[in-house]
Amino acid sequence: MAMDAGEIERLIKEGIPDAQISIKDLAGDGNHYSATVIAASFSGKSRVQQHQLVYQALKGQMGGVLHALALQTGTPG
Amino acid sequence: MGIEQFIDNEVKANDVVLFMKGTPQFPQCGFSGQVVQILDHLGVAYKGLNVLESADLRDGIKAYSNWPTIPQLYVKGEFVGGCDIVREMFQAGELQQALKDAGVAVAAQA
């Protein structure tokens with residue numbers, strides 16, 4: 001079971017419409033990615049809260065189907 | 001005692017708690033190992049709890065913090081983050097500051 005980068009991006013975009021997303025496939029196995037998610041709606045939120053928003057957008061895939069997603073989040077500018 | 005109560009006791013009874021895969025001496029996951037390295041580098045005393053020993057603990061901790069992955073670091077009962085956040089904070093010097101602010105001893109030069 002794995003996820004492809006496009007699907008991850010689509011889910012995050014659905015959950016965080018104003019997100020600018022860049023995803024790197026770390027291992028080529030559909031299981032290990034790094035993602036940078038920049039969104040104005042993150043402002044005022046702690047890193048933990050920002051990451052939780054991304055995880056919620058991934059609708060429970062994180063930690064299950066998606067084993068490793070190294071996340072980097074922040075606000076634009 | 002339910003798993004949630006067990007977790008709550010642990011995070012409140014110990015200044016620094018790391019829920020991880022494996023033990024500090026033998027981490028069994030790269031991400032857990034990274035946090036162990038950071039804490040050891042900072043010379044921070046912490047309690048390692050091996051979630052691989054109990055499925056209840058492994059699932060319970062994720063519900064407790066509403067965080068889907070392991071490892072999870074707690075300082076003075078507060079969830080600090082997983083591997084990414086701990087590493088990011090460490091590199092920015094924020095982790096050292098957060099530990100000092102919480103009254104946790106950190107090795108001088110770290």
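Residue numbers start from 1 in every chain, and the chains themselves are labelled A, B, ... in the order their sequence lines are given, proteins ahead of strands. The analysis underlying the following values was restricted to heavy atoms, covering all of them including side chains, and did not include hydrogens, waters or symmetry mates.
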Are [X] and [Y] connected in the hydrophobic side-chain network, where two residues link if heavy atoms are under 4.5 Å apart?
X: B:F79; Y: A:L53; result: yes
X: B:L95; Y: B:F31; result: no
X: B:Y64; Y: B:L52; result: no

message: Tell me if the CD atom of A:Q49 is crowded by more than 12 foreign heavy atoms within 6.0 Å.
response: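 Yes.
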message: Other residues, nucleotides and ligands only: do more than 12 of their heavy atoms fall within 6.0 Å of CD on B:E4?
response: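 No, because the 6.0 Å sphere around CD of B:E4 holds 12 heavy atoms or fewer from other groups.
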- prompt: In terms of the angle between their ring planes, are A:Y55 and B:W67 parallel, tilted or perpendicular, with boundaries placed at 30° and 60°?
  reply: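 Rings of A:Y55 and B:W67: perpendicular, over 60°.
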Can you see which heavy atom on [X] is nearest to which on [Y], and at what distance?
X: A:L69; Y: B:D84; result: O-OD2, 3.5 Å
X: A:L71; Y: B:E88; result: O-OE1, 4.0 Å
X: A:Q56; Y: B:N66; result: NE2-ND2, 3.6 Å

field: Which portion of A:L58 sits near chain B, non-hydrogen atoms under 4.5 angstrom
entry: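 Contact with chain B: none, neither part.
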query: In Å and rounded to the nearest 0.5 Å, what is the CD to CZ distance from A:Q72 to B:R87?
result: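 It is 7.5 Å, given to the nearest 0.5 Å.
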